[in-house]
Amino acid sequence: MSKATDLGFPVFVLLTTDNVVLQQQTLDRVKTDLDGFCICGENDARVFADNSLMLPTIVVLKKNARILKLWANIFNSTGFMRGNPLFIVDDEADAASLNTLVNKNRQSSINKYLESIRNGAASSLYLQVTGTPQAIFLQTRESGWHPFFTHYFKPGKSYLGGDFFFPKTGKPDCVTYLDNLNEPEREVVIRHLLVSAQILASGGTTSTCLIHPSVKQAVHQKFADSIKTELNWCKANLTGVLAAELRKQHTLLTPTKSNVVPFSEIMNKVTELLNNNEIKVLVMNGKTDVESSEYASGCNFVIGGNTLGRGVTFPCLQTIYYTRTTKKPQADTMWQHSRMFGYDRDPGMMMIYIDERLYKLFADINATNNAIISQVEQGIDDVKIYYPEGLNPTRKNVLDTDHVAAISGGTNYYPFNPKNNTINQISDLLSSFDDDEPYYQVSLRLMKEVLSHIETDPDFKLPSFMSIIDTMLAENPTTQGILIVRRNRDVAQGTGALLSPNDWQLGGSFPRKVVLTMYQVTGNKGWGGKKLWVPNIKLPEGAIYYDVIED
């Protein structure tokens with residue numbers, strides 16, 4: 001990734017995911033928003049060549065192997081790219097750009113063609129954009145896909161993001177657990193009819209409900225049929241049960257972008273929507289093509305799977321019914337598929353229908369996202385990621401297993417062959433901590449200072465532990481840990497255990513804290529015959545901590 005230089009008009013390449021709707025949506029927006037550019041779609045090779053960079057050029061492409069191969073050849077064959085700069089903006093850069101064959105010592109097609117495009121210009125700048133950077137942070141620098149620097153763009157005031165839906169404490173009113181509902185589809189339909197009536201009767205143009213049940217197309221159709229059945233039920237019970245339920249929920253409605261519409265007007269609008277068949281039930285998956293114009297107005301129920309995953313935006317998304325599950329959940333995939341975040345939502349009328357287990361997973365993902373943001377904002381280059389056991393950060397096929405380490409919380413780690421570069425300084429740092437005291441509560445900053453005087457072989461991932469402590473301090477600068485100090489221990493080297501049974505049990509009694517146990521060994525039984533300090537560290541249990549080990 002070379003730096004761009006002032007060589008002339010640059011070529012801008014905007015990359016979207018391999019989604020026809022999204023690529024066309026992006027191309028249309030570029031044409032609408034930018035004047036004075038030569039704007040090229042995927043089939044505009046002649047336009048690109050004829051322009052010859054007389055005007056600055058923007059090319060909007062899907063991350064599709066065939067398309068990227070075509071444009072890699074176009075860029076290379078025209079010749080003028082070798083004398084001009086290139087600026088690539090890769091939207092959802094973690095989605096398809098990374099090498100999915102890294103553990104097979106091969107290069108995936110998309111990754112290969114992106115590299116060809118990037119390296120074919122006189123100079124290039126590659127901007128990776130994503131809301132889920134887990135996979136990117138876990139790339140090695142040697143791969144060429146780890147960021148040189150990271151910047152976090154804060155959302156505007158009207159943005160509803162993770163902290164709105166998944167606050168640190170408690171469940172917000174905008175979340176309903178499916179575990180407590182007998183007829184979830186009916187609840188979803190009634191709620192969205194009410195919200196749509198409020199929005200449309202207040203001068204709004206559209207209201208969308210998103211249903212994300214599974215990756216299987218047959219399941220999508222099953223839910224579409226179920227929603228249509230419930231809409232027919234609503235139509236049949238318009239003046240009876242439906243009206244009573246709408247009236248009950250209307251009293252709880254708290255819109256923030258408009259005044260509450262009187263119930264009589266709500267009923268008139270719901271009646272109009274149902275009797276005139278103005279409600280659209282749209283299935284979006286590989287089997288069906290849905291244009292964005294189809295859900296740009298009116299009351300909509302959109303159902304789908306992976307097509308909903310990245311980039312495609314849904315206007316005025318107010319109701320979400322999320323049931324997608326997996327045996328091996330991935331944080332970045334779950335976050336992308338939720339689609340619940342955005343600017344044009346009315347916070348007083350949002351409703352997420354989700355089961356309690358899934359909600360807890362989302363809350364855990366949001367907590368880690370906040371930890372990542374905190375590290376980025378504090379200028380930490382080596383961003384660290386950790387998740388609860390059973391929740392993977394991303395798909396395994398883009399992580400180099402020779403270089404990505406997973407450190408288990410709750411496990412005791414100590415170096416087989418440590419060295420103390422300044423044993424006297426370690427002794428001075430620990431001088432006020434007495435052996436007779438079972439343990440001390442100390443700042444993680446003190447632990448970092450103690451560990452900074454230890455040298456180890458690669459078997460003990462000391463830089464990883466230091467970086468993980470930095471991560472915790474970035475989240476909370478006053479974070480405390482447990483320090484256990486023991487001197488004159490006649491422990492044999494290489495026995496498989498460092499701690500005494502009592503100290504092992506004592507450390508295990510603090511499952512939610514970092515525990516650092518410092519043993520001063522006599523050196524009578526190994527350890528190079530030297531009296532030195534040996535650290536044993538245990539991270540908070542219930543989580544896996546990830547780190548990239550560079551050569």
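All residue numbers in this chain count up from 1 along the given sequence. Since the structure is predicted, the reported quantities are computational estimates derived from the model, not experimental observations.
Considering only residues two or more places apart in sequence or on other chains, Ala406 meets the side-chain contact (heavy atoms from CB on, under 4.5 Å) condition with Ile544, Tyr546. Judged as a side-chain contact (heavy atoms from CB on, under 4.5 Å), and not counting sequence neighbours, the contacts of Thr140 are Glu142, Ser143, His403, Val548, Glu550. With sequence neighbours excluded, the residues that form a ring pair (Phe, Tyr, Trp, His ring centres under 6.0 Å) with Phe153 are His151. Residues satisfying the side-chain contact (heavy atoms from CB on, under 4.5 Å) criterion with Phe341, sequence neighbours excluded, are Tyr159, Phe165, Phe166, Trp335, Ser338. The side-chain contact (heavy atoms from CB on, under 4.5 Å) check on Ser431 picks up nothing, with sequence neighbours excluded. With sequence neighbours excluded, no residue satisfies salt bridge (charged side-chain N to carboxylate O under 4.0 Å, His left out) with Asp457.
Within the structure, the ring pair (Phe, Tyr, Trp, His ring centres under 6.0 Å) test picks out the following pairs touching residues 470-517 (sequence neighbours left out): Tyr439-Phe510. Contacts classified as side-chain hydrogen bond (donor to acceptor under 3.5 Å, both in side chains) and involving residues 351-363 (residues at least two apart or in different chains) are given here: Lys360-Asp364. Identified under the salt bridge (Lys or Arg N to Asp or Glu O under 4.0 Å) test for residues 466-488, with sequence neighbours left out: Asp435-Arg487, Lys448-Asp470, Arg486-Asp503. Within the structure, no pair that satisfies the salt bridge (Lys or Arg N to Asp or Glu O under 4.0 Å) test touches residues 408-434, not counting sequence neighbours. The list of ring pair (Phe, Tyr, Trp, His ring centres under 6.0 Å) pairs with a residue in residues 382-402, not counting sequence neighbours, reads Tyr386-Tyr545. Applying the salt bridge (Lys or Arg N to Asp or Glu O under 4.0 Å) rule to pairs touching residues 127-137 yields nothing, sequence neighbours excluded.
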side-chain contact (heavy atoms from CB on, under 4.5 Å) between Leu86 and Leu125: does it pass, once the steps are laid out? CA-CA 6 Å; Leu86 176 66; Leu125 227 169; over 6 Å; no

Let me see the working for Asp90 and Tyr126 under side-chain hydrogen bond (donor to acceptor under 3.5 Å, both in side chains), right down to the final yes or no. CA-CA 7 Å; Asp90 187 350; Tyr126 199 108; 2.7 Å; yes

Please test Gln520 against Leu430 for side-chain contact (heavy atoms from CB on, under 4.5 Å), starting from the C-alpha separation and ending with a verdict. CA-CA 11 Å; Gln520 188 184 51; Leu430 299 177; over 6 Å; no

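No side-chain heavy atom of Leu399 sits less than 4.5 Å from a side-chain heavy atom of Val102. Using a 4.5 Å cut-off on side-chain heavy atoms (C-beta onward), Val302 and Ile211 make no contact. Looking only at side-chain heavy atoms (C-beta outward), Leu68 and Ile117 come within less than 4.5 Å of each other. Between Met334 and Leu358 the shortest side-chain heavy-atom distance falls below 4.5 Å. The side-chain heavy atoms of Glu449 and Leu429, taken from C-beta on, include a pair separated by under 4.5 Å. Residues Thr394 and Asp94 have side chains not in contact (no heavy-atom distance under 4.5 Å, counting atoms from C-beta outward). Looking only at side-chain heavy atoms (C-beta outward), Leu127 and Phe87 come within less than 4.5 Å of each other. In this structure the side chain of Gln480 reaches within 4.5 angstrom of the side chain of Ser443, judged on heavy atoms.
The distance from atom CG of Leu539 to atom CG of Asn412, rounded to the nearest 0.5 Å, is 10.0 Å. The distance from atom NZ of Lys461 to atom CD1 of Ile468, rounded to the nearest 0.5 Å, is 10.5 Å. Atom CG in Leu14 sits 10.0 Å away from atom CD in Gln23 (nearest 0.5 Å). Taking OG1 of Thr254 as the start and CG of Asp346 as the end, the distance is 7.5 Å to the nearest 0.5 Å.
No more than 12 heavy atoms of other residues, nucleotides or ligands lie within 6.0 Å of CG in Asp173, so this atom counts as exposed by the packing criterion. Residue Lys530 qualifies as open at atom NZ: its count of foreign heavy atoms under 6.0 Å is 12 or below.
The backbone N or O of Arg106 sits less than 3.5 Å from a side-chain atom of Asn99, completing a donor-acceptor pair. Checking side-chain atoms of Ser467 against main-chain N and O of Pro463 turns up a donor-acceptor pair under 3.5 Å. A donor-acceptor pair under 3.5 Å is absent between the side-chain atoms of Gln318 and the main chain of Thr208, judged by distance alone.
A donor-acceptor contact closer than 3.5 angstrom is absent between the side chains of Thr16 and Asp91. Donor-acceptor pairing under 3.5 Å is recorded for the side chains of Thr478 and Asn476. No donor-acceptor contact under 3.5 angstrom links the side chains of Thr100 and Asn397, judged on distance only. Side-chain contact of Thr17 with Glu92: a donor-acceptor pair under 3.5 Å is absent, judged by distance alone. No hydrogens or angles considered: a donor-acceptor pair under 3.5 Å links the side chains of Trp533 and Ser427. Using modelled atom types and a 3.5 Å distance limit, the side chains of Asn111 and Gln107 yield a donor-acceptor pair. Inspection of the Ser374 and Gln378 side chains reveals an N or O donor paired with an N or O acceptor under 3.5 Å.
A distance of 6.0 Å or more separates the ring centres of Trp71 and Tyr113.
The nearest pair of heavy atoms linking Pro535 to Leu498 is O-CD2, 4.3 Å. Closest non-hydrogen pair, His146 versus Ile136, comes out as ND1-O, 3.7 Å. Heavy-atom minimum distance, Asn103 versus Thr401: OD1-N, 2.9 Å. Heavy atoms only, all atoms of each residue included: Arg345 and Pro347 are closest at O-CD, 3.4 Å. Here the shortest heavy-atom pairing between His220 and Pro213 reads CD2-CG, 4.0 Å. Shortest non-hydrogen contact noted between Pro393 and Ile385 is CB-CG2, 4.4 Å.
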